[in-house]
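Written out below as structure tokens is the structure these notes cover.
Sequence lines set the chain letters: A, B, ... in the order given, protein chains first and strands last, and positions in each chain run from 1.
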There are 2 protein chains.
Amino acid sequence: MDIPARVTVLERVPLFKGLRPDELEAVAREAHERKLEKGEVLFRQGEDAAHSYVLGWGRLRLDQATPDGQNVVLRFMGPGDMVGTVAVLRRIPFPATPLAIEDCVILAWSAGRTAELMTRFPAIALNAVAVVGGRVEELQARLSEIATQRVERRIASTLLRMARQSGRRIEGGVEIPFAISRNDLAEMTATTLHTVSRTLAAWEQEGIVSGKRGSYLTIAQPHRLVEIAEQA
Amino acid sequence: MDIPARVTVLERVPLFKGLRPDELEAVAREAHERKLEKGEVLFRQGEDAAHSYVLGWGRLRLDQATPDGQNVVLRFMGPGDMVGTVAVLRRIPFPATPLAIEDCVILAWSAGRTAELMTRFPAIALNAVAVVGGRVEELQARLSEIATQRVERRIASTLLRMARQSGRRIEGGVEIPFAISRNDLAEMTATTLHTVSRTLAAWEQEGIVSGKRGSYLTIAQPHRLVEIAEQA
DNA sequence: CGTAACGTTGAATCTAATCAACCCTAGTGG
DNA sequence: CCACTAGGGTTGATTAGATTCAACGTTACG
């Protein structure tokens, strides 16, 4: 990617919202570039946070391993998402592992550069607080959900959240444009593969969702899901 | 509080780490001051985020109401914690309600001032990312916990986390220096008053924790709790 | 075309919620 | 000063939602 191409990417990144074109160019010039093939990881949980990243193209799944070896899916990330920035600024090891679920192109800045750019362009730092704040909120919402709701409602809420974040309107409903396995969904909703399977099977019966193995999941009747997610 | 007194407070606030004394003074000068009596709220979930706050003295409990009327305790906050800053920068309504569980003194800055100060002193913005990032991590850890662990382990982890954040070493163990009801604990660990009660009763039997109604909870044998929290 | 990863489905089990009743304790007001 | 009450806590019995265990089906892909 040459510098103008990078600028085109960075223009749409929330972290750099409000920067002038010449400022974006300065930021772009400092970046390294990294490619990741499907199945590779960007870094591993526990590693030293030497770089912060912005995802240009592709998708990542952010996984956290628990001390006893289980896995929790923290979130899916798409183009424009920042990765690892918090760990860099906190000077702590990465707390999770981002796995490429599609081929990715990623821009990277060293830890020192990251801090320096934010100091030079405070707008970036303000944007970063807002972005990270958004994640706090999302996590608080998920926490509330898991704490108070039955499994069926959590699965419904999770699908709706993903649809809202990355969904595409197509004929026949809203499509979630990347492959999510039943197991992914289980690890996102704090339940088991089995329960997810049963639940989705029932919803397919009723025509609320559709999508065969491997292909993308489509929410055919979002309003029905909302009903399930909101019922007392 | 006069300006030098405020500076003394701000010196110990992570959000303002690394600022020079004259910079701190500038920040202190822009602050409003607000007192809160035990039982009052600083603001209410859903209100417009017009100010961001830093807790000078006292303790707050941050509550989130779920759509169906249940309550989740997000966290306890003590001196030096920032409150509401994220909502201000994201220009969204406050997502939770901070309730004073002790008398509090709080410093406040208007939304505009907050952004302006962070732009003028980028270090504040960088600190803010780090602080908020810390919350992201804590929430991710709690999410993992709730997602994968049995209730007993979650209660143990929660007590240990609180002890780590605000605990005081006293003879006979580590004391958590504010009143936590069984219900608070239930709302923090995604369980019911009843289960918490049973669990703590058992632990008191075994001499792992102690503390009668009203008085502070003391962890007499932290290592036993750690064992419970970590057992496969 | 074989095989491994993923998914489905049924049955048994169990954890923790719910339901229910009762007990303390700290205040309050007569 | 003491009875009363409200809020919080304890404890037992019952129930249900979801996990676990188990076995088998399906699909993608090398």
Side-chain angles (χ1 to χ4, degrees), chain A residues 37-39 61 63 66 68-73 99 101-102 144-159 178-206 209-217 228 231-232, chain B residues 38-39 61 63 66 68-73 99 101 145-158 178-206 209-217 228 231-232:
Chain A
E37 275 172 41
K38 182 172 171 170
R61 189 184 73 205
D63 288 342
T66 64
D68 53 305
Q70 295 187 68
N71 191 55
V72 175
V73 174
L99 171 76
I101 57 170
E102 298 175 2
S144 293
E145 257 171 39
I146 294 184
T148 65
Q149 298 176 7
R150 306 240 162 285
V151 166
E152 190 183 37
R153 297 184 59 187
R154 306 206 301 255
I155 299 174
S157 302
T158 302
L159 287 182
F178 47 97
I180 322 155
S181 69
R182 313 274 141 142
N183 196 47
D184 290 341
L185 221 38
E187 289 179 347
M188 293 193 76
T189 49
T191 181
T192 58
L193 161 64
H194 312 279
T195 302
V196 171
S197 178
R198 286 179 231 274
T199 306
L200 288 192
W203 288 348
E204 285 194 25
Q205 279 290 323
E206 298 194 49
V209 302
S210 68
K212 290 277 144 252
R213 203 188 306 259
S215 77
Y216 300 151
L217 194 75
I228 292 170
Q231 84 203 175
Chain B
K38 181 172 170 171
R61 190 184 73 205
D63 288 343
T66 64
D68 52 307
Q70 294 186 70
N71 191 54
V72 175
V73 175
L99 171 78
I101 56 170
E145 257 170 39
I146 294 184
T148 64
Q149 297 175 8
R150 305 242 164 283
V151 165
E152 190 183 37
R153 298 184 58 187
R154 305 205 303 255
I155 299 174
S157 303
T158 301
F178 48 95
I180 322 155
S181 69
R182 313 273 140 145
N183 197 47
D184 290 342
L185 222 37
E187 289 179 347
M188 292 194 76
T189 50
T191 181
T192 60
L193 161 64
H194 311 279
T195 302
V196 171
S197 178
R198 286 179 230 275
T199 306
L200 288 191
W203 288 348
E204 285 194 25
Q205 278 290 324
E206 299 193 50
V209 303
S210 69
K212 289 278 143 254
R213 206 186 307 258
S215 77
Y216 300 151
L217 194 74
I228 293 169
Q231 83 203 176

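Qualifying side chain to side chain contact (heavy atoms under 4.5 Å, CB included) partners for Ser210(A), counting only residues two or more places apart in sequence or in other chains: Thr218(A). Every residue meeting the side-chain hydrogen bond (donor to acceptor under 3.5 Å, both in side chains) condition with Thr195(A), not counting sequence neighbours, appears here in chain and number order: Thr192(A). Scored by the side chain to side chain contact (heavy atoms under 4.5 Å, CB included) test, Glu37(A) finds Glu40(A), Asp103(A) as partners (sequence neighbours excluded). With sequence neighbours excluded, the residues that form a side-chain hydrogen bond (donor to acceptor under 3.5 Å, both in side chains) with Glu206(A) are Arg224(A). Among residues two or more places apart in sequence or in another chain, the side chain to side chain contact (heavy atoms under 4.5 Å, CB included) test is passed with Glu152(B) by Thr199(B), Trp203(B), Ile228(B), Gln231(B). Every residue two or more places apart in sequence or in another chain was checked for a side-chain hydrogen bond (donor to acceptor under 3.5 Å, both in side chains) with Arg154(B), and none qualifies. Applying the side-chain hydrogen bond (donor to acceptor under 3.5 Å, both in side chains) criterion to Asp184(A), with sequence neighbours excluded, gives Arg61(A), Ser181(A).
Listed by first and then second residue, the salt bridge (Lys or Arg N to Asp or Glu O under 4.0 Å) pairs involving residues 186-202 of chain B amount to none (not counting sequence neighbours).
Of the residues near DNA chain C, His194(A) and Ala190(B), the one whose nearest nucleotide (by heavy atom distance) lies more toward the 5' end is His194(A). When each of Arg198(B) and Asn183(B) is assigned the nucleotide of DNA chain D with its nearest heavy atom, Asn183(B) is the one assigned upstream, toward the 5' end.
Among the atoms of the strands shown, base atoms are found under 4.0 Å from some heavy atom of Thr195(A). Here Arg150(A) lies in heavy-atom contact (under 4.0 Å) with sugar-phosphate atoms only.
Along DNA chain D, read 5' to 3', the first and last nucleotides having any atom under 4.0 Å from a heavy atom of chain B are dG8(D) to dT20(D). Note that the first and last nucleotides of DNA chain C, 5' to 3', having any atom under 4.0 angstrom from a heavy atom of chain A are dC6(C) to dT18(C).
Lys38(B) has its side chain out of reach of Ile101(B): every pair of non-hydrogen atoms, C-beta onward, lies at least 4.5 Å apart. Counting only heavy atoms from C-beta outward, the side chains of Thr66(B) and Val72(B) approach each other to under 4.5 Å.
Direction change of the helix axis from one end of the helix from dC1(C)-dG30(D) to dG30(C)-dC1(D) to the other is 40°, with five pairs defining each end axis (rounded to 10°).
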